[in-house]
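Heads up, the thing below is written out as structure tokens.
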Protein chains: 2
Amino acid sequence: MDAASIRKLNAALILDVLRGKGLVSRAELARLTGLTKPTISMQVAGMIERGVVVEDGAGAPDARGGKPPVLLRFNQDWGCLAAAEINSASVRVWLADLNGRTFDDEASPVTPELGAGHILDVLLASLRQVLKRSGQGQKLCSIAIAAPGRVDPATGTVLEAGNVFHWRNVDVKKRVEDNFGVPVAVDNDVNFAALGEMHSGLAAGVENFILIRHGTGIGAGLVIGGRLYQGSHFAAGEIGHLILDRMTMAPEVLTRGLLETAVGSDRVREKVLAAWSGQAGVPTPEPGADLAAELAALLRHGDESASLVLDEVASQMSIAVADMAAMLDPELIVLAGDLFALIAGRIRELVGRVIPWPMRIELSALGADAALMGAMGSARGLARDLIYESSRETARLPALR
Amino acid sequence: MDAASIRKLNAALILDVLRGKGLVSRAELARLTGLTKPTISMQVAGMIERGVVVEDGAGAPDARGGKPPVLLRFNQDWGCLAAAEINSASVRVWLADLNGRTFDDEASPVTPELGAGHILDVLLASLRQVLKRSGQGQKLCSIAIAAPGRVDPATGTVLEAGNVFHWRNVDVKKRVEDNFGVPVAVDNDVNFAALGEMHSGLAAGVENFILIRHGTGIGAGLVIGGRLYQGSHFAAGEIGHLILDRMTMAPEVLTRGLLETAVGSDRVREKVLAAWSGQAGVPTPEPGADLAAELAALLRHGDESASLVLDEVASQMSIAVADMAAMLDPELIVLAGDLFALIAGRIRELVGRVIPWPMRIELSALGADAALMGAMGSARGLARDLIYESSRETARLPALR
DNA sequence: TTGGTACGTTAGGTTTCCTAACTTACTAAA
DNA sequence: TTTAGTAAGTTAGGAAACCTAACGTACCAA
């Protein structure tokens, strides 16, 4: 720890305040950071020279008189950020300014059968295209990628990607870094979705929460103490393995009694088809259609089979939610996945019975964009070091007259 | 962030190395910390003046020649630490040096019926006694207290202490701080037990692990990212509420299907008594005796009832352990409680069936001292600030000749 | 006895921050 | 229109911590 570190820490402090507040004067920065006015002036001079900060007009002078403040603003166009998501239907890419505001995007259809190499090719081409189109290629600061499966964020490798993709040890980070030469973050899509809720969703400012996603698979993203928790084998939140058939550990539980097998969307569809009454005037459920919309339609027509299936699903999901709540005592549980809209009320009621303290259980508001928003937040974090690196040569500029 | 902060940070860095390594010379400190020799000399001079560090003999000179190093040592007797535990049978107090080595202790029998006020009186008296006996009262740096129930460590208040103590909102921290005028940490005994395993047990150096304690109640302490995680309502790890009777959320589950009700030691005793074969030559199980020892004796005599009961308990505990493993993906799970010695093997086997990655499941080695050891570690952490506060006046001492 | 090596100290310079005083630009009231 | 008051931002000087480079000290080995 030496003088240079002090300067960097103070630069980060100043920039954090500046990014958080929007327009701030030097004097107010001094008040907010606890640093003195000369220090702020010197630091800000360096930032302005590098272009990270710009002067942006005059503020209203104090009512009692006094020189009006010169307002400063973080220059969100100093660089740009990229986020990408690989899912079973497409590769999506977003480009955003340093405040995370998306200004361009691109989606390329893919299928898992294309294989890891080809899908990554699509991703790289897609990235290149948006960067070229926007003319911001030179300013790119960082990239974050939401990938399927179990990911080691330290190495940026997809260790294994479940039933759909059949990836093993795919080094996404290296591939992308080699092509763009900027820092790259890779993580699981559910984890990024949780970060998305934290950055710009329901969980803003929440220290401890869980995002549970329901789909073909079932997974959870855990945020503990304001940070993503991935687990020792990057498998934290793999609640598909939760055991439903309690009071016993019989071998058949391994195939029958696990949460994912019981209430994954494929199984729910089967159950609906099996139980469907065939009532006149009720639409026939079809494989391939939107499961949640279909169930909602059945419910509207007063179809009993749908309501019975949903009751069962709600009951089993409630067990998982209640157990997570009991173990982790989060402040909030966010439910992501269309089906949850139909059963959130029932889950709240059932969980409320077993958990003796108040707990918010909410439906995600970000929908399909959650992972990309979280990835963008992560890209923003990665870019911090580049932005905050304060150049030493700029110290103590002569006054401008 | 200013010059004074730099000095403090570097002082902490140096002292951490010194405490970790034992005997170190100034030159080696420079190498280990990355600071320069003059900086180390200056910092160390201040520490020696304050008595926090002492010179302790000469080291062996380098084989190639050269002046032999003067070895430095952290002065573990610069102050002392206290830890206390309140349990249903006694109030225990330990006194230790700054390295956490206990040099005096005291146990006072109490019963929960005495009430919070009286039990705290006993604790205070006990603390005063050991401090007086050792003559170290003036040097006391901090106190940590393992209390029963749900504790808010920020305020040091026992919010509620379960079935045994019937405490509500007992401000332990204030009471003790007012009496001794040193920083006081209060936390739940299971949490401190987990810290104990981390400081000086099986979990040394483990980032993510869970300690599960079985007794009348069942609770877990969660260490995530090397830090205790208490939850948003200080209820993390309250796995007594886990739901055993799956596939349903029927109302009767609330009394019948919760983990604590099913496998708490009281219930296990009932089960043993109910199932006992009354076989000749087998000792009769008696209420009040040591449950684990009794079960072990029954097993030795080949009693079938005991083995059936244990199988059931193991099966149900396994569900809880497997679920925690699936959700939190810890590196290690530590089992604390006598009963676990009889069923750990079975738990390992059952959990191994559902969790597809390797996971260590071990019996706690610290036994009844775990919570006190963890509390002592916490007291040591609290004392850091006092120890590391580097005095400004000592800068740049003239050379001694 | 001499050269080599490593420990720890001294001297001098750099960087950053702080305090105090100053200039600048505006309001409000005489 | 002038004058006093207030707040923003700059300048000047100094303090505190660090660093580099060189030096004195104590030991080994030939």
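A note on names: the letters A, B, ... follow the listed sequences, proteins ahead of strands, and every chain is numbered from 1. Side chains included, hydrogens not; waters and symmetry mates left out as well; all remaining heavy atoms used.
For R26(B), the listed nucleotide lying nearest its side chain is dT9(C); candidates were dT20(D), dC17(C), dT9(C). Checking dA16(D), dA20(C), dT20(D) against the side-chain heavy atoms of P38(B) singles out dT20(D) as nearest. Distances from the side chain of A27(B) to the nucleotides dG9(D), dG8(C), dC28(D) place dG8(C) closest. For A3(A), whose side chain is taken as the heavy atoms from C-beta onward, the closest listed nucleotide among dC18(D), dC18(C), dT15(C) is dT15(C).
Across all strands shown, A30(A) has no heavy atoms under 4.0 Å from either base or sugar-phosphate atoms. S41(A) comes within 4.0 angstrom of a base, heavy atoms only. Residue P69(B) is classed as a sugar-phosphate contact, given heavy-atom separations below 4.0 Å to backbone atoms only.
Of the two residues near DNA chain D, D62(A) and N10(B), the one whose nearest nucleotide lies more 5' is D62(A). The nearest heavy atom of DNA chain C to S25(B) and to G66(A) marks one nucleotide each, and the one closer to the 5' end goes with S25(B). The 5' end of DNA chain C is approached more closely, in terms of each residue's nearest nucleotide, by T36(A) than by the other of T36(A) and P68(A).
A straight line from CZ of R64(A) to C1' of dA28(C) spans 13 Å, rounded to a whole angstrom. When the C1' atom of dC19(D) is taken as reference, atom CD1 of I6(B) falls 11 Å away, rounded to whole Å. Between I40(B) atom CD1 and dT9(C) atom P the separation is 11 Å, expressed in whole Å. Rounded to an integer number of Å, the gap from CE of M1(A) to P of dC17(C) is 13 Å. Rounded to whole Å, atom P of dA17(D) lies 13 Å from atom CD1 of I14(B). Atom C1' of nucleotide dT9(C) and atom CG of L29(B) are separated by 16 Å, given to the nearest angstrom. Rounded to an integer number of Å, the gap from K67(B) NZ to dT9(C) C1' is 8 Å. Going from atom CG of L72(A) over to atom P of dA8(D) covers 13 Å, rounded to whole Å.
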>> Evaluate N208(A) against S232(B) for side chain to side chain donor-acceptor pair (under 3.5 Å), listing each step before the verdict.
In response: CA-CA 7 Å; N208(A) 309 305; S232(B) 289; 3.2 Å; yes
Using the rule given for salt bridge (Lys or Arg N to Asp or Glu O under 4.0 Å), can you reason through K37(A) versus E28(A), listing the C-alpha separation, both sets of side-chain angles and the distance that settles it, and then say yes or no? CA-CA 9 Å; K37(A) 291 193 288 174; E28(A) 196 170 354; over 6 Å; no
(Q) Is there a side chain to side chain donor-acceptor pair (under 3.5 Å) between D152(A) and Q230(A)? Walk through the geometry before answering. (A) CA-CA 9 Å; D152(A) 177 352; Q230(A) 279 114 339; over 6 Å; no
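One N or O donor and one acceptor, one from the side chain of K37(B) and one from the base of dG8(C), sit under 3.5 Å apart.
Q136(B) and D97(B) are not linked by any side-chain donor-acceptor pair at a separation below 3.5 angstrom, with hydrogens and angles left out of the test.
Between the K139(A) side chain and the D77(A) main chain, a donor and an acceptor come within less than 3.5 Å of each other.
Using a 4.0 Å cut-off, no side-chain N or O of Q43(A) falls inside it from OP1 or OP2 of dT16(C). Side-chain nitrogen and oxygen atoms of T39(B) include at least one within less than 4.0 Å of the OP1 or OP2 phosphate oxygen of dC19(D).
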Donor-acceptor contacts under 3.5 Å from residues 177-185 of chain B side chains, at least two apart:
residue, atom, partner, partner atom, Å
E177(B), OE2, V184(B), N, 3.4
D178(B), OD2, K174(B), NZ, 2.6
N179(B), OD1, R128(B), NH1, 3.2
N179(B), ND2, R175(B), O, 3.0

